[in-house]
Protein chains: 2
Amino acid sequence: MDESGTRTEQVYRRLKADILAGQIEPGSTLPFARLKDDYGASMGVLREALMRLTAEGLTVNQPQFGFRVISLSIEDLTDLTATRCTIESMVLRDAVTNGDLEWETRVLTAHHRMERTQKFENGEGSPVTPAWAQAHQEFHEALLSGARSQRMQAIASNLRAAAEVYRQWSIPFEVVKRDVSKEHREIMDLALARNAEEAAAALVRHLSATRDLILKGTQAPQQ
Amino acid sequence: MDESGTRTEQVYRRLKADILAGQIEPGSTLPFARLKDDYGASMGVLREALMRLTAEGLTVNQPQFGFRVISLSIEDLTDLTATRCTIESMVLRDAVTNGDLEWETRVLTAHHRMERTQKFENGEGSPVTPAWAQAHQEFHEALLSGARSQRMQAIASNLRAAAEVYRQWSIPFEVVKRDVSKEHREIMDLALARNAEEAAAALVRHLSATRDLILKGTQAPQQ
DNA sequence: TGTCAACAAATTTTCGACATTACATAAATT
DNA sequence: AATTTATGTAATGTCGAAAATTTGTTGACA
């Protein structure tokens, strides 16, 4: 794949991608010995990559116990979603109010690309394709990219990454009665129409709907 | 001085202290060869220490170019303060609304401890003591600790750490006409009186006042 | 004189060996 | 049976050398 950057950079990206793609089970430990084989890197490199992921909140580090992927819990999901609703709607309002022409272009481009990307590999009910997940990610980032505060955008980005783990592990249930595509279009249209309040409200509904689906999924936990 | 902890721990503390004290010019590079002589540690140790500092935002790491001390940036300080005002006032409102008796106790205790801690080593104008900085940190954390959202508190905590760098750099100017102690008491009193809006407003004033002082300081930069 | 390639120097990054420490489990002694 | 003591496993701490990369310099050629 992409082999640019230092060894640490590569390992960091692969590890993050694997976690977000649901390759590694939430809560499971990440022993150095195994990672060393799987990723072909020394302990120093792995340690550095894991520290970066920990700073982002995708892994946790119990001293003397090593690193683990974050654990999923209903309380955390509730907290996470509430936090995202607050932060993201705030940033979106900023973006809608202050976004320039380039922002509009980025949003349109990202949306178009997402729409044109194949979502499922084997029909509905199967996990979404990595390409679509990526495009989806970029659409939401584009939406917020018009805001002035870089820090706020970084925070929103980290929260989204954490939420992505939940989303990945609840995908099989996303079939039911929901038109995600329509929700996205609604948010975009309101944003580009410079209707800050309505756009933020639509985004909150979008995030809440996802949370509710995941909650329904965890009642019949997989594994 | 303090020789407790591991080698990495010691180097980390010395390096951090030197940066905050302005011993190393902001923006300057930190070549391993020189650090190796100055701090008498191996590359692995230095790397680990620098990584931790980078996670805290005191240094930055351009791959293949090594580490540098962060540069003072007025834009970043403005963005950072604005973000803090938004986040912290929000979390404080939550804490004031939902904090229980234990929260009240924690706030009172932290405040009392901070008031009883010696602030300056050598009279006003000198850097605050590490002990006071610690107590100050814990007071603000206690204030927010009544809020329900763990994620929000974590975000606020990270932002505070980033701001601490600027605060330390601006210390020599903190003498002038400002009663920080009074500001703290005002915030606490309003919070414990369950006056969410007023407390949040006082906190915003507190943060803004600090930013203004730093901005005034950077017009006549030390080095 | 100017450009570019090859080479040399300086720095960062990566690696693996080894000692140390912390924790968990099993064994042994009281 | 309960407490203490070995033992094993895995993370952490430390070091210095080798590999990789960027920067600096020299010299040939147009």
Side-chain angles (χ1 to χ4, degrees), chain A residues 1-19 23-71 165, chain B residues 1-19 23-71 154 161 165:
Chain A
M1 291 238 173
D2 188 1
E3 297 200 356
S4 66
T6 63
R7 199 104 196 73
T8 299
E9 183 73 20
Q10 296 171 35
V11 172
Y12 162 78
R13 274 203 305 267
R14 276 191 56 194
L15 212 36
K16 181 170 181 176
D18 285 349
I19 292 174
Q23 301 286 74
I24 309 174
E25 193 169 335
S28 64
T29 63
L30 299 164
F32 281 101
R34 192 165 65 75
L35 296 180
K36 209 172 152 182
D37 295 338
D38 291 355
Y39 294 88
S42 71
M43 281 188 183
V45 170
L46 287 168
R47 197 179 168 65
E48 201 164 313
L50 284 168
M51 281 185 70
R52 287 175 60 180
L53 287 171
T54 300
E56 288 181 36
L58 253 57
T59 56
V60 292
N61 177 15
Q62 292 174 297
Q64 233 66 15
F65 223 131
F67 294 84
R68 291 182 321 151
V69 182
I70 53 166
S71 309
V165 179
Chain B
M1 286 258 167
D2 189 1
E3 296 201 357
S4 64
T6 65
R7 198 98 195 73
T8 299
E9 183 75 19
Q10 296 170 35
V11 171
Y12 162 78
R13 274 203 306 268
R14 275 191 58 195
L15 211 37
K16 181 171 181 175
D18 287 348
I19 291 175
Q23 300 286 73
I24 309 174
E25 192 170 341
S28 63
T29 63
L30 298 164
F32 280 99
R34 192 164 65 74
L35 296 180
K36 208 172 157 184
D37 294 338
D38 291 356
Y39 295 88
S42 72
M43 283 183 256
V45 170
L46 287 168
R47 192 160 237 302
E48 174 79 13
L50 284 169
M51 267 300 298
R52 290 175 58 178
L53 288 171
T54 300
E56 285 183 42
L58 271 112
T59 55
V60 292
N61 176 290
Q62 281 180 295
Q64 310 297 26
F65 281 89
F67 294 83
R68 291 182 318 144
V69 181
I70 59 161
S71 316
V165 183

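Proteins come first, then strands; the chains are lettered A, B, ... in the order of their sequence lines, and each starts at number 1. Values below: all heavy atoms of this structure, side chains included; hydrogens, waters and symmetry mates excluded.
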Original post:
For the side chain of Ser42(A), counting heavy atoms from C-beta on, which of dT12(C), dT12(D), dT14(C) is nearest?
Top reply: dT14(C)
Subject >> Protein-nucleotide distance (Met51(B), atom CE; dT12(D), atom P), rounded to Å >> reply: 14 Å
Subject >> N/O (side chain, Arg34(A)) to phosphate O (OP1/OP2, dA10(D)) under 4.0 Å >> reply: no
Subject >> Value rounded to 0.5 Å, distance of CG in Leu15(A) from OG1 in Thr59(A) >> reply: 7.5 Å
**OP:** In whole angstrom, give the distance that lies between atom CG of Leu30(B) and atom P of dT11(C).
**Re:** 13 Å
Original post:
The side chain of Lys36(A) lies closest to which of these nucleotides: dT14(C), dA11(D), dG16(C)?
Top reply: dG16(C)
**OP:** Examine dT14(C): is either OP1 or OP2 under 4.0 Å from a nitrogen or oxygen in the side chain of Thr6(A)? Give yes or no.
**Re:** yes
**OP:** Report yes if the side chains of Val69(A) and Thr29(A) come closer than 4.5 Å at any heavy-atom pair, otherwise no.
**Re:** no
Original post:
Does Thr8(A) put a side-chain nitrogen or oxygen below 4.0 Å from OP1 or OP2 of dT14(C)?
Top reply: yes
Original post:
Rounded to the Å, how far apart are Arg68(A) CZ and dA10(D) P?
Top reply: 17 Å
Subject >> Distance in angstrom units between Leu50(A) CG and dA11(D) P, rounded >> reply: 10 Å
Original post:
Can you find a side-chain donor-acceptor pair between Arg13(B) and Gln10(B) that sits under 3.5 Å?
Top reply: no
**OP:** Could you work out which one of dT13(C), dC15(D), dT14(C) sits closest to the side chain of Val45(A)?
**Re:** dT14(C)
**OP:** Among the candidates dC23(C), dT12(C), dT14(C), find the nucleotide nearest to the side-chain atoms of Phe65(A).
**Re:** dC23(C)
**OP:** Send over the distance from Glu48(A) CD to dT14(C) C1', rounded to a whole Å.
**Re:** 10 Å
Original post:
Which part of the nucleic acid does Arg47(A) contact within heavy-atom distance under 4.0 Å: base, sugar-phosphate only, or nothing?
Top reply: sugar-phosphate
**OP:** Write down the distance between CE (Met43(A)) and P (dA19(C)), rounded to a whole number of angstrom.
**Re:** 15 Å
Original post:
Would you say the side chain of Met51(A) lies within less than 4.5 Å of the side chain of Glu48(B), judging by non-hydrogen atoms?
Top reply: yes
Original post:
Between Phe32(B) (CZ) and dA19(D) (C1'), how many Å, whole number?
Top reply: 15 Å
**OP:** For Ala41(A) and for Gln64(A), find the nucleotide of DNA chain C with the closest heavy atom, then tell me which residue's nucleotide is more 5'.
**Re:** Ala41(A)
**OP:** Classify the nucleic acid contact of Gly44(A) as base, sugar-phosphate or nothing, counting any heavy atom under 4.0 Å across all strands shown.
**Re:** nothing
Original post:
Over how many whole Å does the gap from Asn61(B) atom CG to dT13(C) atom C1' extend?
Top reply: 10 Å
Subject >> Pro31(A), nearest nucleotide to its side chain (from dA11(D), dT12(C), dC15(C)) >> reply: dA11(D)
Subject >> Contact under 4.0 Å: Arg7(A) side-chain N or O vs dC15(C) OP1/OP2 >> reply: yes
**OP:** Would you give the length of the straight line joining atom CG of Leu46(B) to atom OH of Tyr39(B), rounded to the nearest 0.5 angstrom?
**Re:** 9.0 Å
